[in-house]
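Have a look at the structure below, then the notes.
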Amino acid sequence: RQAGIPSIKSCVVLPLATGMSIALVFGALRKSRPRGKYIVWSRIDQKSCFKAIGAAGYEAVVVELKRVEGSDALRTDVEGIRAAIERVGAEQVACVVTTTSTFAPRVPDAADEV
């Protein structure tokens, strides 16, 4: 009631960290992508998403990053993502995971291009 829902009779708050939250989202994808076996993942050096893929029963197809010419920065390999989807077959891909929040030297994924 204090949270602004005056008609509620009871409530349970369950704290979930990033990995479990993502795993639940991946699990929900099964209804819309029932033939999905793979999740194409633009690699980040953070284990939560990678572990969530396995916890949800999918297999990760890891796409390594590309170095930006003349820089130490790493960026999305859009062509690599496309090739990964073609390699396993689009019907078997549940989703493509990218990120817009990263630590240097990686730059945010080009989500609009993906």
Side-chain angles (χ1 to χ4, degrees):
R1 290 181 185 103
Q2 291 177 347
I5 309 171
S7 62
I8 196 156
K9 295 185 192 252
S10 66
C11 176
V12 176
V13 177
L14 302 172
L16 294 175
T18 305
M20 184 54 77
S21 298
I22 294 171
L24 291 172
V25 170
F26 292 158
L29 288 174
R30 293 214 183 277
K31 286 187 178 184
S32 62
R33 302 287 297 176
R35 294 183 59 203
K37 177 180 176 184
Y38 303 100
I39 292 180
V40 177
W41 180 54
S42 182
R43 182 176 175 215
I44 59 173
D45 289 329
Q46 199 264 4
K47 294 182 182 179
S48 291
C49 187
F50 184 72
K51 291 193 286 187
I53 292 169
Y58 290 99
E59 186 176 326
V61 177
V62 181
V63 178
E64 296 295 335
L65 302 170
K66 282 186 156 182
R67 184 173 299 276
V68 175
E69 277 190 52
S71 169
D72 288 335
L74 301 170
R75 68 171 178 84
T76 314
D77 183 357
V78 177
E79 289 302 318
I81 290 172
R82 184 176 289 115
I85 293 168
E86 290 174 2
R87 186 172 57 249
V88 298
E91 279 298 314
Q92 292 195 76
V93 175
C95 69
V96 176
V97 177
T98 66
T99 186
T100 58
S101 176
T102 62
F103 298 101
R106 190 183 193 284
V107 296
D109 281 335
D112 55 336
E113 292 179 43
V114 173

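Annotation: side chain of V93 is not in contact with side chain of I39 (no heavy-atom distance under 4.5 Å). Counting heavy atoms from C-beta outward, R87 and V61 have side chains that approach closer than 4.5 Å. Side-chain contact between C49 and V97 is present, with at least one heavy-atom pair separated by less than 4.5 Å. You'll find the side chain of E59 stays beyond 4.5 Å of the side chain of V88, heavy atoms only.
A pairwise comparison of heavy atoms in A52 and G19 identifies CB-O, 3.3 Å as the closest pair. Of all heavy-atom pairs between R43 and E64, the closest is NH1-OE1, 3.1 Å. The minimum heavy-atom distance linking A56 with A23 is given by the pair CB-O, 3.8 Å.
The only member of V96, V62, T98, I53 that meets side-chain contact (heavy atoms from CB on, under 4.5 Å) when paired with V40 is V96.
Of the possible donor and acceptor atoms, none in the side chain of T76 sits under 3.5 Å from a partner among the backbone N and O of V78. A donor-acceptor pair is defined here as one N or O able to donate and one able to accept, closer than 3.5 Å; no such pair exists between the side chain of R75 and the backbone of L65.
For R30 and Y58, the positive end sits near the middle of the six-membered ring, less than 6.0 Å away and at most 45° from its axis.
Membership of the apolar cluster around L24 extends to L16, M20, as traced through chained side-chain contacts below 4.5 Å between ILVMFWY residues.
To the nearest 0.5 Å, atoms CG (D77) and NZ (K66) are separated by 4.5 Å. Once rounded to the nearest 0.5 Å, the distance linking OG of S42 with CD1 of I81 reads 4.5 Å.
Connection of Y38 to V63 is established within a shared hydrophobic cluster, with ILVMFWY side chains joined at heavy-atom distances below 4.5 Å, either directly or through further cluster members. Each of V114 and W41 belongs to its own hydrophobic cluster when Ile, Leu, Val, Met, Phe, Trp and Tyr are linked at side-chain heavy-atom distances under 4.5 angstrom.
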